[in-house]
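To keep things clear, I will list the structure first and then write my remarks on it.
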Amino acid sequence: MFGKPNKIINIVIEDYVIRLVETNNSNISSIKVIHEKPIPSGLIENGKIMDEIGFFEFMKNLVKELGIKNRHVRFFVPNPLVIMRQVEIPPDLRDKDITEYFRVEIGKSIHLPFKDPVFDIHYLPFQDYFDTNEEEVLTGTFFAAPRDEMMKYTEIFDDASLKPINADVEALGIYRYFHHVNRIDRDRVYLFIKLDVTSFNISIFNRHQLEFLRYQNLDLHLDHASIEEESTRLNWEYQESDEQVEDMIENQVIELERIMNFYQFSMKKGEEKIDELIIIGDNPYLPVFYQKVNDRFEIPTNRLKGVVSQKSDKEIEPQFIPALGLALKGGA
């Protein structure tokens with residue numbers, strides 16, 4: 001009766017920063033607000049809100065500062081809170097029946113490290129799946145997060161005069177954006193690396209399905225964030241020396257190689273391998289990491305740029321790519 005909300009704020013929250021992009025529903029060429037702000041230390045740790053009053057005050061002031069009171073918002077479930085499982089879906093089930101089936105399976109065939117989850121199942125439309133797979137077994141990706149932690153976010157958004165309407169998994173959002181601005185070869189396996197200021201995130205997609213997800217906290221400590229005058233972009237600095245940070249970078253390259261081998265030889269029994277690496281992130285040492293990866297592996301390696309479409313040359317700071325992928329989700 002009232003239609004979908006036009007202006008939607010897409011929010012990405014890390015332990016150290018919040019980023020917001022406002023669009024008209026899922027039209028990312030309609031960006032009106034694009035903003036990032038450091039989150040004070042101690043409010044959020046490993047995706048969990050540690051100081052609810054402090055985070056509420058932070059959000060309330062941000063809503064007032066940006067003039068976004070009563071906006072509908074989408075947000076990502078913080079990466080440290082997401083649990084992923086590959087699951088088989090009985091072929092006689094559809095839509096709501098699938099959700100009910102897995103609600104029953106939690107605690108039986110699906111075991112989680114928390115008791116009361118919120119969950120979702122991501123799978124290709126049935127016709128698309130059986131058109132592209134020889135085996136008549138439908139597989140999907142099961143995502144879960146602790147309900148109590150998710151309720152903290154939604155309640156604080158609501159108390160700060162925002163209206164949460166949708167939550168998503170960041171890896172899906174990044175892939176959604178990649179699909180929006182690139183032609184994807186269904187026969188290629190894509191590995192996404194998101195090297196952030198405090199974390200290392202890897203996701204692997206094969207035939208539009210997320211097959212592997214890994215989050216790792218980096219053992220680094222932020223000193224402060226400064227603002228670049230020309231771009232107004234946040235620039236992050238560590239307490240550790242350059243040598244210590246570069247050692248960390250080298251360790252992540254080694255970890256990347258281990259994961260690629262695990263995928264090829266353990267998960268796929270040597271029948272499939274990674275065909276392309278896509279790198280994004282806001283880590284100040286990202287260029288160093290990219291160069292090391294490019295030198296180490298004989299695989300096409302690309303840094304993902306921020307644009308609003310394949311045909312547009314309007315560039316957006318790459319740290320906002322996840323928010324653009326969230327905006328593309330649509331829905332209200």
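Worth knowing before you read on, the calculation uses all heavy atoms, side chains too, and leaves out hydrogens, waters and symmetry mates.
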Tell me yes or no: between the side chains of Y16 and D282, is some donor less than 3.5 Å from an acceptor? yes
K152 bridged to E149 by N-O distance under 4.0 Å: yes
Search all heavy atoms of G281 against all heavy atoms of K194 and return the closest pair with its distance. CA-CG, 4.4 Å
So if I apply the side-chain contact (heavy atoms from CB on, under 4.5 Å) rule between I39 and each of D15, I13, L62, which one comes out positive? I13
Exceeds 12 heavy-atom contacts within 6.0 angstrom, atom CD1 of I53: no
For K305, check side-chain hydrogen bond (donor to acceptor under 3.5 Å, both in side chains) against everything at least two apart and list the hits. none
Return the CD1 to CZ distance between I165 and R71, rounded to the nearest 0.5 Å. 12.5 Å
When you measure from the side chain of E36 to the backbone N and O of L234, does any donor-acceptor pair fall under 3.5 Å? yes
Please report the closest heavy-atom contact between Q209 and G140, naming both atoms and the distance. NE2-CA, 3.9 Å
Tell me whether the rings of F205 and Y175 are parallel (<30°), tilted (30 to 60°) or perpendicular (>60°). parallel
For this output row, return yes or no: ring centroids of F119 and F143 closer than 6.0 angstrom. no
Backbone of S241 reached by a side-chain donor or acceptor of Q244 within 3.5 Å: yes
Residues passing the side chain to side chain contact (heavy atoms under 4.5 Å, CB included) test with K273, sequence neighbours excluded, are Q264, D275
Nearest heavy-atom neighbours spanning A323 and F76: N-CE1, 4.4 Å
Any donor-acceptor pair under 3.5 Å linking the side chain of D97 with the backbone of L93? no
With a 3.5 Å distance limit and no angle check, can you tell me whether D196 reaches the backbone of S199 through a side-chain donor-acceptor pair? no
If you measure only the distance, is there a donor-acceptor pair under 3.5 Å linking the side chains of E211 and Q86? no
From F320 atom CZ to H35 atom NE2, the distance as rounded to the nearest 0.5 Å: 8.5 Å
Rounding to 0.5 Å, atoms NE2 (H221) and OG1 (T198) come to a distance of 11.0 Å
Using the ring of each side chain (for Trp, its six-membered ring), is F192 parallel, tilted or perpendicular to F178, with breaks at 30° and 60°? perpendicular
On a heavy-atom basis, the closest approach of Y153 and G47 is OH-O, 2.7 Å
Counting only N and O atoms by type, is there a donor-acceptor contact under 3.5 Å from the side chain of Y177 to the main-chain atoms of V307? yes
Carefully, step by step, assess N79 and E170 under the rule side chain to side chain donor-acceptor pair (under 3.5 Å). CA-CA 7 Å; N79 288 322; E170 186 179 61; 2.6 Å; yes
Return the NZ to CD1 distance between K268 and I204, rounded to the nearest 0.5 Å. 9.5 Å
Using a 3.5 Å distance criterion without hydrogens, assess whether the side chain of T23 forms a donor-acceptor pair with backbone atoms of I28. no
Working to the nearest 0.5 Å, report the span between CD1 of I83 and CZ of F114. 5.0 Å
May I ask you to decide whether K108 forms a salt bridge with E105, counting only side-chain N to carboxylate O separations under 4.0 Å? no
Going by distance alone, is a donor N or O of one side chain under 3.5 Å from an acceptor N or O of the other, for Y238 and N283? yes
Is E22 salt-bridged to K7, going by a charged N under 4.0 Å from an acidic O? no
As an exercise, state the distance from CZ of R19 to CG of L326, rounded to the nearest 0.5 Å. 13.5 Å
Give a yes or no answer on whether the side chain of R85 reaches the backbone of H111 with a donor-acceptor pair at less than 3.5 Å. yes
Within 6.0 angstrom of D295 CG, more than 12 heavy atoms from elsewhere: yes
Between E100 and R103, is the salt bridge (charged side-chain N to carboxylate O under 4.0 Å, His left out) condition met? List the steps. CA-CA 5 Å; E100 187 58 35; R103 181 175 287 111; 2.8 Å; yes
List the atom of A144, the atom of L112, and the distance in Å for their closest heavy-atom pair. CB-CD1, 3.9 Å
Is the backbone of G325 close enough, under 3.5 Å, to the side chain of R176 for a donor and an acceptor to pair up by distance? yes
Does the side chain of Y190 come under 3.5 Å of the side chain of D185 through a donor N or O and an acceptor N or O? no
Could you report the tightest heavy-atom contact between A167 and M150, atom names first, then the distance? CB-CE, 4.3 Å
For D223, does its backbone N or O pair with a side-chain atom of Q239 as donor and acceptor, under 3.5 Å? no
Side-chain ion pair, E250 and R296, N-O less than 4.0 Å: yes
